[in-house]
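In what follows, every chain begins at residue 1, and chains take the letters A, B, ... in the order their sequences are listed. Please read all numbers here as calculations on a predicted model, not as lab measurements. Values reported hereafter were calculated over all heavy atoms of this structure, with side chains retained and with hydrogens, waters and symmetry mates removed.
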There are 2 protein chains.
Amino acid sequence: MARTVKENETRKKIIEAARKLFSEKGFEGVSMEDIAQASGVRKSLIYYYFPSKEVLFEEIWIQIIDELENELFAETESDGNITRMIKRIIRKYIDFVMNKEELSKLIARERLNVMESESQLKRAKTKYSGFLKRLELLFEKGREANVLNDIEPSTATELVTTVGAVHRKGILRNIEEFLLKVLLKERPEH
Amino acid sequence: MARTVKENETRKKIIEAARKLFSEKGFEGVSMEDIAQASGVRKSLIYYYFPSKEVLFEEIWIQIIDELENELFAETESDGNITRMIKRIIRKYIDFVMNKEELSKLIARERLNVMESESQLKRAKTKYSGFLKRLELLFEKGREANVLNDIEPSTATELVTTVGAVHRKGILRNIEEFLLKVLLKERPEH
DNA sequence: TTATAATTTGACCGAACGGTCAATCAAATT
DNA sequence: AATTTGATTGACCGTTCGGTCAAATTATAA
């Protein structure tokens with residue numbers, strides 16, 4: 001039987017160290033030795049918990065996208081008002097970028113590589129594509145309800161996820177306003 | 001004496017192949033062997049023209065930032081009207097992102113790594129810092145002339161350069177409007 | 001107390017990487 | 001024609017990388 005307390009400690013330390021390093025330097029810029037040193041274990045122990053560097057990255061990526069999806073979609077989808085739903089999701093997305101800098105920086109840094117990967121990072125790509133699809137479906141509904149401006153849902157999705165690379169907190173609220181203005185037909189209230 | 005025609009051909013081929021690959025996969029994601037194969041020469045020939053991978057990257061980076069600066073600043077700085085100058089520069093920047101996709105994607109992909117590098121890529125960093133400084137000085141002038149909104153020039157600079165990561169042409173004009181709205185006190189004209 | 005299982009380690013491996021160098025080839029000069 | 005110079009190549013090097021494995025240590029179960 002697993003010593004769950006101890007396993008959770010070491011495994012968690014590895015994940016936390018790796019996430020921090022991936023956020024700072026990206027997947028290719030970090031070595032397994034870097035992660036080992038940052039987490040205080042020997043490199044070969046990482047392979048006891050994770051079969052490869054790629055799987056470790058994917059697990060972190062999936063955790064992050066899970067957390068992002070929980071922030072954005074947890075309570076929103078039961079709302080009948082599509083405009084309010086879009087507003088709330090944009091708001092929560094900007095909150096996420098502001099408050100979870102390590103996570104949002106990792107997404108900003110690696111999302112292109114994840115999306116463009118072919119034979120690698122399949123699970124990461126699937127996860128992220130699923131997230132983008134959920135966003136796009138929401139904008140699709142907005143278009144059908146005739147509250148979206150003349151903008152393709154896929155384009156709206158890319159706009160939102162790209163401007164998430166801005167991290168100066170002083171302008172993220174400007175960006176929120178900008179997004180609402182570009183996306184929704186009604187003018188955002190103050 | 002140099003056989004300048006022939007040297008220009010091979011050297012140019014190497015630079016073009018490298019730029020394309022760096023744009024697609026980033027500095028760390030491309031090997032010298034990749035570049036050699038893409039340019040149709042043997043890897044060791046690259047070292048005949050460039051002492052290292054880092055120097056090759058820096059030469060490409062400097063060319064790109066030169067081109068960007070030429071687009072943005074070539075005729076603008078003699079204009080006395082600071083509002084018009086800022087408008088024109090934002091316009092030209094969006095034009096650059098739309099029309100020079102390979103270059104703007106390389107900047108978007110590597111600018112964080114360039115700015116955060118410590119012992120490497122010094123010339124690339126210096127070049128990019130210089131470019132950012134020029135932008136910031138322009139916004140500084142805008143603030144002094146009281147035409148900038150309540151936004152730090154350094155923040156304005158980061159906003160402009162970050163949203164340059166958006167490549168969907170359908171929304172770059174929206175972004176231009178957004179930038180002008182956020183940065184300038186007067187409303188942008190249509 | 002002993003046995004077993006889980007965790008952890010140090011040593012090691014093959015491949016890929018950035019880079020070097022002597023040799024060869026092609027072009028230019030004498 | 002011979003020599004010199006520039007361009008190009010194949011073979012090779014040392015280092016770093018992702019990853020493996022047997023042994024040792026620690027924790028748990030019997």
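Look at CZ on A/Phe50: it is 15 Å from P on D/dG18, rounded to the nearest Å. Between the P atom of C/dG19 and the CG atom of B/Leu56 lies a distance of 10 Å, rounded to the nearest Å. At whole-Å resolution of the value, NZ in B/Lys53 and P in D/dT16 are 15 Å apart. Atom C1' of nucleotide D/dG6 and atom CG of B/Leu45 are separated by 11 Å, given to the nearest angstrom. Separating the CD atom of B/Glu33 from the C1' atom of C/dG19 is a distance of 13 Å, rounded to the nearest angstrom. Rounded to whole Å, atom C1' of D/dT8 lies 16 Å from atom CZ of B/Arg11. C/dT9 atom C1' lies 15 Å from atom OH of A/Tyr47, rounded to whole Å. The CZ atom of A/Phe27 sits 13 Å away from the P atom of D/dC17 (whole-angstrom rounding).
Counting only N and O atoms by type, the side chains of A/Gln37 and A/Glu33 include a donor and acceptor under 3.5 Å apart.
B/Val55 comes within contact range of no nucleotide atom at all, as no heavy-atom separation falls under 4.0 Å.
Closest to the B/Val41 side chain, of the nucleotides D/dT9, C/dG19, C/dA6, is D/dT9. Considering only side-chain atoms of A/Met32, the nucleotide from C/dT9, C/dG19, D/dG18 that sits closest is D/dG18. Picking from C/dG18, C/dT9, C/dT8 the nucleotide with the shortest atom distance to the side chain of A/Arg42 gives C/dT9. Here C/dG10 is the nucleotide among C/dT20, D/dT9, C/dG10 with the atom lying nearest to any side-chain atom of A/Ser44.
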Please determine whether side chain to side chain contact (heavy atoms under 4.5 Å, CB included) holds for the pair B/Leu148 and B/Ile86, giving the CA-CA distance in whole Å, both sets of side-chain angles, and the decisive distance to 0.1 Å. CA-CA 10 Å; B/Leu148 209 71; B/Ile86 290 177; 4.2 Å; yes
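Of all nucleotides present, only D/dA1 satisfies the Watson-Crick or G-U wobble test against C/dT30, with each distance under 3.5 Å.
For the pair A/Tyr49 and C/dT8, the criterion of a side-chain N or O lying under 4.0 Å from OP1 or OP2 is met.
Between A/Ser31 and B/Ile46, the residue whose closest nucleotide on DNA chain D is further toward the 5' end is B/Ile46.
For A/Lys43 and D/dG19, a side-chain-to-base donor-acceptor distance below 3.5 Å is present, hydrogens and geometry of angles not being considered.
B/Glu110 places a side-chain N or O within 3.5 Å of a backbone atom of B/Phe27 that can act as its donor or acceptor partner.
Residue A/Ile62 is not grouped with residue A/Leu112 when hydrophobic side chains (ILVMFWY) are merged at heavy-atom distances under 4.5 angstrom, including chains of intermediate members.
Using bins of under 30°, 30° to 60° and over 60° for the plane-to-plane angle, the ring pair B/Phe131/B/Phe73 lands in the tilted bin.
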